[in-house]
Amino acid sequence: MSQTAQSKGGQGQRGRGAPVYGRGPSGGSKTGSDRPRRPRREPEEEVWVPKTILGQKVASGEITSLEEIIESGLRIQESGIIKKLLPDLKSEVVDVGIIQKMTSNGQSTRFKAIVATGNENGYLGIGQGKSKQMRIAIEKATSQAFLNVSPIKMGCGSWECKCEQKHSVPFKVKGKGGSVTIEIIPAPRGLGLVAGGKIKRLLELAGLKDAWTTAKGSTPTMNSTSKAILDCLRQTFSQG
């Protein structure tokens, strides 16, 4: 019995050999780290093809500013027009919420997004979008914000400053959106923006640097608050 066990053990040691741990010799097969990495694909920008007469005039260079469109009373129906005239616009998501509705088929859930776009130099637009997917809701809101971009007349309406720089509003303006009423008062240079967090960010996107603000109503409702701010800033261009 002992000789048989010894012979079996000897045969097992000869066949198996000692286990080897690690990556093995350097000249062996290539590991995952040695494989060349694939280049990252950058998203391709969509080429804008104008579909309206106004878009064709902007693409051909016949119209070169947004003020010409507003003064002529034309309606902007393509976001590509704004992107062509104002390529330095920045978009920012202001608020995202959930809309729940009870139907005969059950409870339906949708997303609501509010996006603001501006170039921090006298232009601001705010849009709203709804969809079952958050990404699509943000895309709809961004497209709507481009269509709602309005020019803002900036200046120095503060009697304490009386400088000729464009750092505030030229006069006191008041706007309303839903139950929210916001008033923007010109402030001297160097004071900053005296406003809440989201309201302050919207004014920064518009290009204001110094201003006092007063708000009445349900200001946490960003849908009404953003409309009130846009109404305020539009009056600087229409009244001025």
Side-chain angles (χ1 to χ4, degrees), residues 38-59 66 69-70 74-121 123-152 175-180 182 196-207 217-234:
R38 296 180 180 178
R40 182 177 297 178
R41 294 183 180 179
E42 297 182 357
E44 298 180 358
E45 296 183 358
E46 296 182 0
V47 180
W48 173 52
V49 179
K51 299 179 181 179
T52 59
I53 298 176
L54 179 60
Q56 294 174 2
K57 290 182 179 180
V58 172
L66 183 61
I69 300 175
I70 296 175
L74 298 175
R75 183 182 177 185
I76 301 175
Q77 298 179 340
E78 297 180 77
S79 59
I81 296 175
I82 304 299
K83 294 179 182 179
K84 178 72 174 179
L85 297 176
L86 302 171
D88 57 342
L89 287 176
K90 301 177 182 177
S91 299
E92 186 170 328
V93 179
V94 177
D95 187 45
V96 176
I98 298 176
I99 304 173
Q100 292 182 344
K101 183 179 180 181
M102 200 66 187
T103 62
S104 58
N105 297 327
Q107 187 176 9
S108 64
T109 303
R110 300 176 68 189
F111 293 96
K112 178 181 68 175
I114 299 175
V115 176
T117 180
N119 63 346
E120 299 181 354
N121 192 22
Y123 291 94
L124 179 69
I126 298 173
Q128 180 180 350
K130 301 177 183 179
S131 178
K132 293 182 179 180
Q133 298 181 11
M134 184 181 296
R135 179 182 59 83
I136 298 177
I138 293 174
E139 290 178 356
K140 288 183 178 180
T142 304
S143 179
Q144 191 67 28
F146 277 109
L147 296 178
N148 292 334
V149 169
S150 300
I152 301 164
K176 187 176 182 181
S179 63
V180 179
I182 294 179
K198 293 184 178 180
I199 297 177
K200 183 178 180 180
R201 182 53 188 158
L202 292 176
L203 296 179
E204 288 176 353
L205 282 175
S218 180
T219 53
T221 307
M222 286 309 300
N223 187 17
S224 301
T225 303
S226 59
K227 289 181 180 179
I229 294 174
L230 192 60
D231 186 27
C232 274
L233 299 177
R234 279 177 175 172

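Model, not experiment: these values are computed from the prediction.
Every residue two or more places apart in sequence or in another chain that forms a side chain to side chain contact (heavy atoms under 4.5 Å, CB included) with Ser150 is listed here: Arg234. Under the salt bridge (Lys or Arg N to Asp or Glu O under 4.0 Å) criterion, Asp231 pairs with no residue at all, not counting sequence neighbours.
Distance alone, capped at 3.5 Å, places no donor-acceptor pair between the Thr117 side chain and the Gly125 backbone. Checked by atom type and distance alone, the side chain of Ser226 pairs as donor or acceptor with a backbone atom of Asn223 at under 3.5 Å. Checking side-chain atoms of Ser179 against main-chain N and O of Gly217 turns up no donor-acceptor pair under 3.5 Å. The closest donor-acceptor contact from the side chain of Glu78 to the backbone of Thr52 lies under 3.5 Å. Put simply, the side chain of Thr103 gets close to the backbone of Gly106: a donor and an acceptor are under 3.5 Å apart.
Atom CD1 of Ile53 sits about 10.5 Å away from atom CD of Gln77, to the nearest 0.5 Å. For the atom pair CD1 of Ile99 and NZ of Lys132, the computed distance is 13.0 Å after rounding to the nearest 0.5 Å. Between the CD1 atom in Ile82 and the CG atom in Leu147 there is a gap of 7.0 Å [rounded to 0.5 Å]. The CD1 atom of Ile138 lies 10.0 Å from the CZ atom of Phe111; values are rounded to the nearest 0.5 Å. Distance check: Leu89 CG to Leu205 CG gives 10.0 Å after rounding to the nearest 0.5 Å. Taking CG of Leu54 as the reference point, atom CD1 of Ile69 lies at 4.5 Å (rounded to 0.5 Å).
The heavy-atom pair separating Ala137 from Ser131 by the smallest distance is N-CB, 3.7 Å. Nearest heavy atom pair, residue Ala228 against residue Gly177, reads CB-N, 3.6 Å. In this structure, Pro50 and Gly55 approach most closely via the heavy-atom pair CB-C, 3.4 Å. Counting all heavy atoms, side chain and backbone alike, Asn148 lies closest to Ile126 at ND2-O, 2.9 Å. The two atoms that bring Ala206 and Leu233 nearest to each other are CB-CD1, 3.7 Å, heavy atoms only. When all heavy atoms of Pro87 and Lys84 are compared, the pair lying nearest together is CD-O, 4.1 Å.
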Evaluate Tyr123 against Ile152 for side-chain contact (heavy atoms from CB on, under 4.5 Å), listing each step before the verdict.
CA-CA 6 Å; Tyr123 291 94; Ile152 301 164; over 6 Å; no
For the pair Ile199 and Thr225, evaluate side-chain contact (heavy atoms from CB on, under 4.5 Å) and give the outcome as yes or no after the intermediate values.
CA-CA 8 Å; Ile199 297 177; Thr225 303; 3.8 Å; yes
Apply the test side-chain contact (heavy atoms from CB on, under 4.5 Å) to residues Leu66 and Ile76: give CA-CA distance (whole Å), side-chain angles for both, the deciding distance (0.1 Å), then the verdict.
CA-CA 10 Å; Leu66 183 61; Ile76 301 175; 3.5 Å; yes
Could you walk me through whether Ser224 and Thr221 pass the side chain to side chain donor-acceptor pair (under 3.5 Å) test, one step at a time?
CA-CA 6 Å; Ser224 301; Thr221 307; 5.5 Å; no
side-chain contact (heavy atoms from CB on, under 4.5 Å), that's the test. Do Val96 and Met134 meet it? Break it down for me.
CA-CA 8 Å; Val96 176; Met134 184 181 296; 3.9 Å; yes
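Cation-pi contact between Lys83 and Phe146: present, with separation from the ring centre below 6.0 Å and deviation from the ring axis of at most 45°.
Under a cut-off of 6.0 angstrom, the local environment of NZ in Lys198 is crowded, with over 12 non-hydrogen atoms contributed by other residues, nucleotides or ligands.
Residues Gln128 and Lys112 meet the side-chain proximity criterion, which asks for heavy atoms closer than 4.5 Å.
Sorted by first and then second residue, the side-chain hydrogen bond (donor to acceptor under 3.5 Å, both in side chains) pairs involving residues 137-146 (not counting sequence neighbours) are Arg135-Glu139.
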